[in-house]
Amino acid sequence: MTAVAQGSLCSLELLEDVLRERPQEADGIDSVIVVDNVPQVGPERLEKLKNVIHKIFSKFGKITNEFYPEADGKTKGYIFLEYTSPGQAAEAVKNADGYKLDKQHTFRVNIFTDFDKYMNISDEWETPEKQPFRDFGNLRHWLEDPDCRDQYSVIFESGERTGIFSNDVKEPILVEERPRWTETYVRWSPKGTYLATFHQRGIALWGGEKFKQIQRFSHQGVQLIDFSPCERYVVTFSPLMDTKEDPQAIIIWDILTGQKKRGFHCESSTHWPIFKWSHDGKFFARMTQDTLSIYETPSMGLLDKKSLKISGIKDFSWSPGDNIIAFWVPEDKDIPARVTLMQMPSRQEIRVRNLFNVVDCKLHWQKNGDYLCVKVDRTPKGTQGVVTNFEIFRMREKQVPVDVVEMKESIIAFAWEPNGSKFAVLHGESPRINVSFYHVKNNGKIELIKMFDKQQANSIFWSPQGQFLVLAGLRSMNGALAFVDTSDCTIMNIAEHYMASDVEWDPTGRYVVTSVSWWSHKVDNAFWVWTFQGRLLQKNIKDRFCQLLWRPRPPTLLSQEQIKTIKKDLKKYSKIFEQKDRLSQSKASKELVDKRRTMQEDYRKYREDALKMYQEQRPLRLQLRGGVDTDDLDSNVDDWEEETIEFFINEEIIPIGDLA
């Protein structure tokens, strides 16, 4: 398919909601909707009600007529609205049915003609009509790659082109590429099922083997999105849509149905995401002044119908492994600052830690939720400088004990080992920047394992599998890189990717990508692929390269015991892996290898067919040769007769005298 055809197909899919509004034959009644559970108001409040209703329902299309039945000087609680087309009416029913206006009023919306349909329902059972199945292909197809290649998305040509590639040691393998696939950037869903693209009219989700459009969400001017960890919901933000009566700045959508679940007001998107999700997607929470609001799914209503009043709350964070929420509150006069761990949905406080002379706090969860580190910046009495304490909460132990590590130098970066009990800290001032590695031991102690001094680094990037990390000096530090093995705290390699702006590990922890984005630096735009040991594999130069994102993998279905067994028996598979490695390192091109493999397979089939025919003709050979088996050279030895045959070839007589 040509690039023009691909672009046209993409445009048609995105404009489907516009084309759907083309004029169609109708008697007019199909364009009328009935809205029930509308507030009953008198003449003094009717105009305000009409304005609210109009703002909510006019976004689905132009309203040509509206009728508010009245009785005894009040509206009856239901209204009629007419749109210019049946498609707009259907869109209003789809999106506004179940809309919560306030605590007492939740709209029920129906097409006017539905009332006749429901009144004339037959008492006899009729088999429902089969709905066409939309086949999007295998949404997890990339996990079945025989060589276990991971995929990544690349935006280049300053956003004009987007491609999906499979990672390979030799060179990237193109899976899909489209022009103007997105207008700004792309996002993968947490388990890698969907690719989200941004457009002026909203968000589109793509997936399957051919990256078909799975779903779209209409949200004019959308700028930011966030997925729930379970991939059931997506949250979108647009600064263009918000009104007092109809909150539209933030919308939560159901990914499977495409329906809007709820809208929220939002004054600022500075600290995105506004809503933070629990690890299983059952709850999401939002912090406003002196308030922490926790909502539950799928109702999208407040948990226990009330928010938590927490005076002065500054920040909060969910545990990645449990429905536990951590938040901190600064000091207030004689009341110390405190960090609180609260169990949800019971709201039980499982641990409170009081802190003194606090300037600021940052919450850092370990990936599995085994530990919580609270980075506390303090100004001890009698001193002018800032001291940093790392308060380590042991979440899996009784009463959640807390250990403390104190540092008097300024902190540049902190990061937990994803699947382990180590953490790394960058501290000091340039040019004397140090990195320290700590281990949280089971005996209640925190041990300093190793410290490297004079590092050119301002960021820490752990491998998703732990043990290995990259210390990177991004942007102003000219792209200095150090590849570290924390099992014995050795630096495996020191390298540089000049002006690197980003570092991205692949989901398996085997490869890491460094890149220079056109969004931050206008020259030398490229991405380089390294092994986890720091060996450079590829330099991929893309014109005005902007962004690379690895496609996430869903959690493994194997148990810890099964993983241990596989690691134990790894030598059984080593020969197969080594053979594949030798094949991939061969200088022969992929086309030549495929050609040779095809020829070998053709010969094998020909040989099998020839042997089969030879065996089938055996009786005929025996018949033609009088029962003598000539298939074997040593057959019928007793019947052999030996004959000696002499042949006269030539005779030449040479006189001796002629030789003198």
Side-chain angles (χ1 to χ4, degrees), residues 266-268 270-271 273-278 283-295 302-366 369-411 414 416 423 425 427 440 444 446:
C266 182
E267 291 75 27
S268 170
T270 308
H271 302 289
I274 302 296
F275 290 103
K276 297 179 183 179
W277 291 88
S278 63
F283 306 99
F284 58 99
R286 176 185 191 175
M287 184 184 71
T288 51
Q289 187 173 0
D290 298 333
T291 304
L292 182 61
S293 301
I294 300 162
Y295 301 84
L302 273 171
L303 180 64
D304 297 334
K305 298 184 180 180
K306 60 183 178 181
S307 298
L308 285 167
K309 297 298 179 184
I310 306 170
S311 180
I313 182 171
K314 282 287 187 181
D315 194 16
F316 76 98
S317 183
W318 286 96
S319 163
D322 305 278
N323 285 332
I324 295 174
I325 206 164
F327 61 86
W328 81 277
V329 177
E331 293 179 72
D332 183 17
K333 298 177 183 176
D334 295 332
I335 303 172
R338 71 184 189 277
V339 174
T340 304
L341 299 176
M342 185 176 286
Q343 185 83 46
M344 290 296 162
S346 66
R347 305 194 184 202
Q348 177 189 355
E349 291 185 354
I350 58 176
R351 186 71 161 89
V352 177
R353 176 79 168 175
N354 290 330
L355 304 168
F356 299 90
N357 307 313
V358 174
V359 177
D360 191 24
C361 284
K362 289 287 185 292
L363 306 173
H364 300 277
W365 284 97
Q366 188 251 13
D370 296 337
Y371 305 99
L372 167 66
C373 172
V374 181
K375 174 182 167 285
V376 184
D377 293 332
R378 299 169 53 246
T379 53
K381 289 182 179 179
T383 62
Q384 292 183 344
V386 175
V387 174
T388 299
N389 283 5
F390 293 108
E391 308 267 340
I392 309 296
F393 291 70
R394 298 170 179 266
M395 299 301 298
R396 304 301 178 201
E397 297 180 27
K398 286 183 179 180
Q399 299 180 342
V400 192
V402 180
D403 301 312
V404 181
V405 175
E406 182 176 285
M407 283 196 169
K408 294 183 179 179
E409 294 181 307
S410 60
I411 306 301
F414 172 95
W416 279 105
F423 61 88
V425 184
H427 52 95
V440 183
I446 298 179

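Residues: numbered from 1 along the sequence shown.
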For the residue pair [X] and [Y], establish whether any side-chain heavy-atom pair is separated by less than 4.5 Å.
X: L341; Y: L372; result: yes
X: M395; Y: I324; result: yes
X: Y371; Y: F423; result: no
X: L363; Y: F393; result: no
X: L302; Y: S307; result: yes
X: M344; Y: W318; result: yes

Going from [atom1] on [X] to [atom2] on [Y], what distance comes out if it is rounded to the nearest 0.5 angstrom?
X: E331; Y: K333; atom1: CD; atom2: NZ; result: 13.5 Å
X: L292; Y: D315; atom1: CG; atom2: CG; result: 10.5 Å
X: I313; Y: T288; atom1: CD1; atom2: OG1; result: 9.0 Å
X: I411; Y: K408; atom1: CD1; atom2: NZ; result: 13.0 Å
X: F275; Y: S293; atom1: CZ; atom2: OG; result: 8.0 Å
X: I274; Y: R286; atom1: CD1; atom2: CZ; result: 6.5 Å

Under 3.5 Å, which donor-acceptor pairs link side chains of residues 345-358 to any protein atom two or more places apart or in another chain?
| from | atom 1 | to | atom 2 | distance (Å) |
| --- | --- | --- | --- | --- |
| S346 | OG | Q348 | N | 3.4 |
| R347 | NH2 | L303 | O | 2.6 |
| R347 | NH2 | K306 | O | 2.9 |
| R351 | NE | Q399 | O | 3.3 |
| R351 | NE | V400 | O | 2.7 |
| R353 | NE | E391 | OE1 | 2.9 |
| R353 | NH2 | E391 | OE1 | 2.9 |

How close do [X] and [Y] get, counting heavy atoms only, and between which atoms?
X: P330; Y: G312; answer: CD-O, 3.0 Å
X: I294; Y: A285; answer: CG1-CB, 4.0 Å
X: Q343; Y: N323; answer: NE2-O, 3.6 Å
X: G369; Y: S319; answer: CA-OG, 3.9 Å

Could you pull out all residues at least two apart from R394 that satisfy salt bridge (charged side-chain N to carboxylate O under 4.0 Å, His left out)?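 Only E397, D403 meet the salt bridge (charged side-chain N to carboxylate O under 4.0 Å, His left out) criterion with R394.
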Which label fits F390 and F414: parallel for a plane angle under 30°, tilted from 30 to 60°, or perpendicular past 60°?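 Plane angle under 30°, so parallel.
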Please check: side-chain N/O of K276 versus main-chain N/O of F316, any donor-acceptor pairing under 3.5 Å? yes
Contacts satisfying salt bridge (charged side-chain N to carboxylate O under 4.0 Å, His left out) that involve residues 370-379 (not counting sequence neighbours) are D370-R396, K375-D377
Carefully, step by step, assess T388 and H427 under the rule side chain to side chain contact (heavy atoms under 4.5 Å, CB included). CA-CA 10 Å; T388 299; H427 52 95; over 6 Å; no
